[in-house]
Amino acid sequence: MRRLAAALGDAAERWRSGFVPPLAHWLYHLPEDDRSALGPDGHPARGDFLPPIAEPKRMWAGGRVAFLAPIAIDAVIEKQTTIAAITRKLGRSGAMTLVTLRHEISTDGTCAIEEEQDLVFLPRAPFAPPRAIDVPAPAASRVMMADATLLFRFSALTFNAHRIHYDRDYARDVEGYPDLVVHGPLQAMFLMNFALENGARPSRFAYRGHAPLIVDRPFTVARNGPFLWVRDDSGTVTMTARID
């Protein structure tokens with residue numbers, strides 16, 4: 001938790017003392033696959049818990065989180081994950097597979113967090129231009145920047161070896177991004193902490209990624225009522241969210 005606060009800067013000032021802040025449960029219950037069990041993209045190879053999905057590109061596409069009870073910093077927590085759905089779709093880049101995972105995090109026999117996490121698996125094809133996303137005029141906003149150091153620290157905190165976040169050659173030459181990609185959950189944390197700064201006390205949080213956010217480029221986090229979003233320097237909305 002101290003390292004997350006150090007990575008995010010002044011975010012800890014808005015956290016409730018003595019309790020795990022919203023979304024920080026993503027630091028725990030991490031995969032511990034041996035190096036030999038990783039695929040070429042740095043993720044654990046499929047075919048064990050996740051089925052042997054053919055599409056090579058994996059993205060954390062979004063999710064929905066319900067905060068049911070506070071979790072004390074020194075609490076013992078237990079996580080149970082099930083595969084809720086596997087759906088094949090035809091997207092603008094070709095065939096894709098959407099996997100929804102359901103997580104339940106409990107402490108002292110009480111369910112504290114219920115979460116659905118959406119993973120999307122895509123073909124290795126050129127990216128289709130992002131769709132325009134309608135968002136309201138911002139009531140509050142902030143310009144931010146995510147550099148390679150922050151991406152490295154967040155990958156380390158979450159034991160995430162996905163190479164698009166630290167290997168520029170792989171991100172550009174293999175997966176076709178213009179540069180390193182900012183983690184989806186890191187964008188969600190930017191939005192959550194911006195909402196906390198504006199007085200939110202969340203019971204539910206839903207978020208969806210729409211386009212990759214690229215390292216070393218200014219972006220804006222914004223809010224209007226319960227709606228939040230990230231917009232990059234080209235005007236593309238990369239993530240939207242709702243907090244209740």
Side-chain angles (χ1 to χ4, degrees), residues 20 22-69 71 75-107 109-125 154-155 157-165 175 181-189 191-192 202-212 239-244:
V20 175
L23 303 184
H25 68 283
W26 287 341
L27 300 185
Y28 304 100
H29 303 108
L30 303 176
E32 297 179 348
D33 300 80
D34 186 81
R35 176 179 164 189
S36 63
L38 300 181
D41 62 354
H43 275 300
R46 303 161 202 164
D48 185 11
F49 178 71
L50 286 177
I53 297 168
E55 289 83 15
K57 297 177 68 170
R58 167 177 165 159
M59 297 175 62
W60 184 328
R64 296 149 297 283
V65 187
F67 304 101
L68 306 178
I71 300 175
V76 175
I77 55 177
E78 179 179 333
K79 179 180 179 181
Q80 183 178 50
T81 298
T82 56
I83 296 177
I86 300 176
T87 307
R88 294 277 292 165
K89 293 185 176 181
L90 186 62
R92 289 181 296 161
S93 299
M96 56 186 278
T97 301
L98 179 66
V99 177
T100 299
L101 304 179
R102 181 171 292 125
H103 310 296
E104 292 185 1
I105 295 178
S106 302
T107 178
T110 299
C111 185
I113 293 174
E114 291 180 345
E115 177 177 11
E116 287 187 338
Q117 174 190 357
D118 298 326
L119 303 176
V120 62
F121 297 85
L122 300 166
R124 188 158 286 138
F154 194 76
S155 289
L157 281 165
T158 55
F159 207 56
N160 182 351
H162 196 183
R163 293 169 64 184
I164 65 171
H165 304 306
E175 299 222 5
V181 178
V182 180
H183 311 65
L186 180 55
Q187 288 190 66
M189 284 191 175
L191 292 176
M192 175 60 75
S203 59
R204 294 185 179 275
F205 181 73
Y207 61 100
R208 181 180 178 187
H210 300 281
M239 179 171 283
T240 54
R242 179 184 174 105
I243 193 166
D244 296 300

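Below, all heavy atoms of this structure are taken into account, side chains as well, without hydrogens, waters or symmetry copies. Computed from a prediction, not measured in an experiment: that's the story for all the values here.
- Residues Trp26 and Glu115 bring a donor and an acceptor atom of their side chains to less than 3.5 Å of each other.
- In this structure, Lys89 contributes its side chain and Leu98 its backbone to no donor-acceptor pair below 3.5 Å.
- Applying the salt bridge (Lys or Arg N to Asp or Glu O under 4.0 Å) test to Glu116 and every residue at least two apart in sequence or in another chain returns Arg64, Arg102.
- Put simply, OG on Ser203 and CG on Asp244 are 6.0 Å apart, with the number rounded to the nearest 0.5 Å.
- Between Asp41 and Glu175, some side-chain heavy-atom pair lies under the 4.5 Å cut-off.
- Side-chain contact between His29 and Ile77 is present, with heavy atoms from C-beta onward closer than 4.5 Å.
- Of the candidates Glu114, His25, Met192, His25 is the only one forming a side-chain contact (heavy atoms from CB on, under 4.5 Å) with Val65.
- Two residues are said to be in side-chain contact when any heavy atoms from C-beta on lie closer than 4.5 Å; Leu191 and Tyr207 fail this criterion.
- Side-chain atoms of Pro185 and Thr158, non-hydrogen and from C-beta on, never get closer than 4.5 Å to each other.
- Residues Trp60 and Asn160 have side chains not in contact (no heavy-atom distance under 4.5 Å, counting atoms from C-beta outward).
- For Phe159, the CZ atom sits in a loose shell: 12 or fewer heavy atoms of surrounding residues, nucleotides or ligands are nearer than 6.0 Å.
- Distance check: Thr100 OG1 to Ile83 CD1 gives 10.0 Å after rounding to the nearest 0.5 Å.
- Contact of the Tyr28 side chain with the Ile105 side chain is not registered, since no non-hydrogen atoms from C-beta on lie closer than 4.5 Å.
- Atom CD in Gln80 sits 11.5 Å away from atom NE2 in His103 (nearest 0.5 Å).
- Residues meeting the ring pair (Phe, Tyr, Trp, His ring centres under 6.0 Å) test with His165, sequence neighbours left out: His162, His183.
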